[in-house]
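Notes follow once the structure below has been shown.
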Amino acid sequence: MKKYFLLFGFTLCFFMMAQAQESPKDSASLKEFVGKYVFPDGSVITHVEVRLEKGALVIESAAGVSPLVKQEGDLYSITANSGTAKFNRDANKKIIGVSIDARGYQLEGAKEEEKMLH
């Protein structure tokens, strides 16, 4: 019986590691989500930052840091807050904002444009 549990544990661990590792192509496509998203004055948080760490998306705000886990399309789970982040696109498919639903709050934030360094 112990052998079966051990085998199951190794199989599960291998499967989870394979799921967590993304190909370079996947990481490149995730870069479009990276950036600062600003919420309107009076919101419970002023902004969130989405970054890429070890090939996976992470979201950070005054409420803390959480991995983002893809659900479907541009919808991600905010695992630490049992919430969701839906990234919004314009007509040209460029990400322009995020809609967050977490801990009973619903927030709409706009993505800040990247500043060019000269």
Side-chain angles (χ1 to χ4, degrees):
M1 189 70 148
K2 288 182 185 178
K3 289 180 183 178
Y4 291 116
F5 283 119
L6 188 59
L7 179 61
F8 177 74
F10 282 130
T11 304
L12 183 61
C13 183
F14 176 76
F15 177 74
M16 290 175 68
M17 286 175 41
Q19 290 289 344
Q21 294 178 353
E22 297 193 27
S23 69
K25 180 184 175 204
D26 292 337
S27 292
S29 67
L30 293 176
K31 288 181 183 179
E32 69 179 322
F33 296 96
V34 172
K36 183 176 181 178
Y37 297 82
V38 180
F39 300 102
D41 290 340
S43 296
V44 292
I45 56 173
T46 58
H47 70 279
V48 296
E49 294 207 29
V50 175
R51 62 181 183 269
L52 199 54
E53 290 185 359
K54 298 180 184 176
L57 290 175
V58 174
I59 190 168
E60 182 174 5
S61 73
V65 179
S66 176
L68 290 175
V69 178
K70 185 174 181 131
Q71 298 302 303
E72 61 181 334
D74 291 332
L75 180 66
Y76 286 77
S77 291
I78 306 171
T79 59
N81 296 336
S82 299
T84 60
K86 167 84 171 69
F87 292 91
N88 307 314
R89 296 179 183 269
D90 64 13
N92 296 320
K93 306 281 186 199
K94 179 181 176 188
I95 294 178
I96 57 169
V98 67
S99 300
I100 293 180
D101 186 354
R103 295 187 179 175
Y105 294 101
Q106 294 181 341
L107 304 167
E108 294 284 331
K111 187 174 185 183
E112 274 191 352
E113 291 295 319
E114 296 177 18
K115 297 178 176 105
M116 301 296 285
L117 298 175
H118 293 291

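We find the OH-NE2 distance between Y37 and H47 to be 13.0 Å, quoted to the nearest 0.5 Å.
The hydrophobic cluster around V58 extends to V65, counting ILVMFWY residues whose side-chain heavy atoms fall within less than 4.5 Å of a member.
A continuous path of Ile, Leu, Val, Met, Phe, Trp and Tyr side chains, each step under 4.5 Å between heavy atoms, connects V44 with V48, placing both in one hydrophobic cluster. Both I45 and I78 belong to a common hydrophobic cluster when Ile, Leu, Val, Met, Phe, Trp and Tyr are linked at side-chain heavy-atom distances under 4.5 angstrom. L107 and L75 end up in different hydrophobic clusters when Ile, Leu, Val, Met, Phe, Trp and Tyr side chains are linked at under 4.5 Å. V38 and V98 are not part of a single hydrophobic cluster, where members link through side-chain heavy atoms under 4.5 Å apart.
In this structure the side chain of L52 never reaches within 4.5 angstrom of the side chain of F33, judged on heavy atoms. Residues I100 and I59 form a side-chain contact, since some pair of their non-hydrogen atoms from C-beta on lies under 4.5 Å apart. You'll find the side chain of V69 stays beyond 4.5 Å of the side chain of Y76, heavy atoms only.
Pairs of residues two or more places apart, or lying in two chains, that qualify as salt bridge (Lys or Arg N to Asp or Glu O under 4.0 Å) and include a residue from residues 60-87 are R51-E60, D74-R89. Sorted by first and then second residue, the pairs that involve residues 93-103 and meet side-chain hydrogen bond (donor to acceptor under 3.5 Å, both in side chains), not counting sequence neighbours, are N81-R103, N88-S99, K94-E113, S99-E108.
Side-chain contact of S77 with T84: a donor-acceptor pair under 3.5 Å is absent, judged by distance alone.
Minimum heavy-atom separation, A80 to S66: N-OG, 2.9 Å.
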